[in-house]
Amino acid sequence: IMADMEKDYEGNGDQSLLYELCFAYYGYIGYLISLEQDKVAKKELSEAMKRTKELEEMMEDRPEVLALQGALIGYRIILSKFSSLFLGPKALKYIKTAYETGENCFNCQTEMGNMKFYTPKFLGGSQTEALPYYEEAVSIIEKKGLKQDRDWIYMNTVLLLANAYKETGQLDRACELYEALLEYEPEAQWIREDLYSKCK
């Protein structure tokens with residue numbers, strides 16, 4: 001699908017298609033990292049950063065693009081731990097600027113949540129403080145109607161919130177979200193088998 005999107009974008013230069021393509025890269029790279037396929041993830045990340053730079057030039061200072069750039073820098077840190085000292089402040093700047101300027105920007109909220117959740121405590125991270133950002137991100141997506149579109153971004157955001165509930169000892173709330181996602185997308189067997197099964 002992403003290869004087709006790349007081809008179509010090269011043919012028509014459509015801004016909205018590029019926007020969707022950059023989010024597709026974001027999701028795919030996160031998936032590769034979860035599978036520990038770091039070599040492939042680095043290759044895709046290089047292309048994603050190039051495409052997101054193009055998007056920034058088209059949509060200058062748009063908070064959702066800034067948040068996306070901050071997230072991609074976060075991936076660079078994950079894939080190269082020693083880069084955190086010089087890339088960490090850069091990612092933080094992108095994400096904070098996006099959050100402060102992006103009213104009703106779901107991924108601005110998501111990336112603030114990620115920043116709080118994954119930053120070590122001694123550097124100001126807090127899994128508990130991440131929760132309101134994830135909750136607001138889910139709320140914004142639902143208000144925008146993406147929930148009705150079987151949107152993968154909605155599912156991903158709900159799973160981030162569920163994981164934050166689980167990691168802060170609120171397993172019942174996490175299980176409620178897994179159950180809601182299975183009603184939303186009954187074909188998501190991996191949620192049923194890997195996550196929801198632990199609720200019983």
Side-chain angles (χ1 to χ4, degrees), residues 1-59 62-80 91 94-95 98 102 104-111 113-114 118 134 137-138 140-163 177-178 180-196:
I1 291 170
M2 288 171 61
D4 288 342
M5 292 172 76
E6 285 274 9
K7 186 176 179 181
D8 290 345
Y9 173 68
E10 289 296 335
N12 60 32
D14 182 73
Q15 177 179 299
S16 61
L17 180 58
L18 179 60
Y19 181 81
E20 291 181 21
L21 177 61
C22 289
F23 267 97
Y25 270 115
Y26 165 77
Y28 183 49
I29 294 164
Y31 172 70
L32 290 170
I33 291 172
S34 74
L35 296 180
E36 298 183 355
Q37 295 187 15
D38 291 3
K39 187 174 180 181
V40 183
K42 286 178 182 178
K43 179 177 176 292
E44 296 296 335
L45 180 57
S46 177
E47 187 63 26
M49 295 192 82
K50 183 179 84 174
R51 290 302 190 191
T52 308
K53 184 67 178 173
E54 289 179 46
L55 188 65
E56 181 189 26
E57 290 168 3
M58 291 181 183
M59 304 170 70
R62 287 282 292 271
E64 57 267 46
V65 180
L66 295 175
L68 191 55
Q69 287 177 308
L72 294 178
I73 294 170
Y75 283 158
R76 280 185 65 190
I77 293 169
I78 291 170
L79 292 167
S80 179
Y94 270 116
I95 292 168
N104 292 321
C105 168
F106 78 89
N107 69 313
C108 301
Q109 297 285 341
T110 299
E111 297 313 325
N114 284 339
Y118 292 105
Y134 289 141
V138 171
I140 290 170
I141 293 175
E142 289 177 343
K143 288 174 185 173
K144 286 186 174 182
L146 292 176
K147 183 177 178 182
Q148 281 71 42
D149 297 334
R150 292 290 197 267
D151 192 82
W152 72 267
I153 293 175
Y154 171 72
M155 293 184 70
N156 183 66
T157 309
V158 172
L159 287 170
L160 288 171
L161 175 58
N163 183 59
L177 292 180
Y178 298 146
L181 281 178
L182 287 169
E183 289 178 12
Y184 173 64
E185 180 49 272
E187 299 301 315
Q189 289 299 323
W190 61 276
I191 294 178
R192 189 182 310 279
E193 294 168 6
D194 297 343
L195 301 172
Y196 187 57

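- Annotation: L35, atom CG; neighbour count of heavy atoms from other residues, nucleotides and ligands within 6.0 Å is above 12.
- Annotation: the span from I140 atom CD1 to Q109 atom CD amounts to 4.5 Å, rounded to 0.5 Å.
- Counting heavy atoms from C-beta outward, I141 and D151 have side chains that stay 4.5 Å or more apart.
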Next on the checklist: Run Y9 and E54 through side-chain hydrogen bond (donor to acceptor under 3.5 Å, both in side chains) and show every step you take.
Outcome noted: CA-CA 12 Å; Y9 173 68; E54 289 179 46; 3.0 Å; yes
Checklist entry - Please walk me through it: do F106 and Y154 pass ring pair (Phe, Tyr, Trp, His ring centres under 6.0 Å)? => result CA-CA 10 Å; F106 78 89; Y154 171 72; over 10 Å; no
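- In this view, Y25 satisfies the ring-ring contact (aromatic ring centres under 6.0 Å, His included) rule with no residue, not counting sequence neighbours.
- Using a 4.5 Å cut-off on side-chain heavy atoms (C-beta onward), E6 and R51 make contact.
- Between atom NZ of residue K39 and atom CG of residue L32 there is a gap of 13.5 Å, rounded to the nearest 0.5 Å.
- In this structure, L68 and C22 approach most closely via the heavy-atom pair CD2-CB, 3.5 Å.
- Looking at N114 and Y134, their side chains do bring a donor and an acceptor atom within 3.5 Å of each other.
- When the shell of 6.0 Å around CD of E57 is examined, it contains more than 12 heavy atoms from other residues, nucleotides or ligands.
- Annotation: side chain of I153 is not in contact with side chain of N107 (no heavy-atom distance under 4.5 Å).
- Atom CD1 of I73 is separated from atom CD of E111 by 11.0 Å, given to the nearest 0.5 angstrom.
- Rounded to the nearest 0.5 Å, atoms CG (L177) and CG (L195) are 11.0 Å apart.
- Counting heavy atoms from C-beta outward, L55 and Q69 have side chains that stay 4.5 Å or more apart.
- For the pair R76/L72, no side-chain contact is recorded, criterion being any heavy-atom separation below 4.5 Å from C-beta on.
- Checked for salt-bridge contact, E56 and K53 meet the test: a charged N lies under 4.0 Å from a carboxylate O.
- Smallest separation of non-hydrogen atoms from L45 and I29: CA-CD1, 3.5 Å.
- Listed for the S34 side chain is a donor-acceptor partner under 3.5 Å among the backbone atoms of Y31.
- Closest approach of A41 to I33, counting heavy atoms only: CB-CG1, 4.1 Å.
- In terms of heavy atoms, Y26 sits closest to A71 at CE1-CB, 3.5 Å.
- Listed by chain and number, the residues in a ring-ring contact (aromatic ring centres under 6.0 Å, His included) with Y19 are F23 (sequence neighbours excluded).
- With sequence neighbours left out, Q189 forms a side-chain contact (heavy atoms from CB on, under 4.5 Å) with R192, E193.
- In this structure a side-chain-to-backbone donor-acceptor pair under 3.5 Å is present from K144 to N104.
- By the 6.0 Å contact criterion, CD on E10 is enclosed, its count of non-hydrogen atoms from other residues, nucleotides or ligands being greater than 12.
- Atom NZ of K43 has 12 or fewer heavy atoms from other residues, nucleotides or ligands within 6.0 Å.
- Between A162 and Y178 the shortest heavy-atom distance is CB-CE2, 3.6 Å.
- Among all heavy-atom pairs drawn from G70 and A91, the shortest one is O-CB, 3.8 Å.
- Considering SG of C108 and CG of L66, their distance stands at 7.5 Å, rounded to 0.5 Å.
- Between D8 and D14 there is no side-chain heavy-atom pair separated by less than 4.5 Å.
- Distance check: K42 NZ to L79 CG gives 6.0 Å after rounding to the nearest 0.5 Å.
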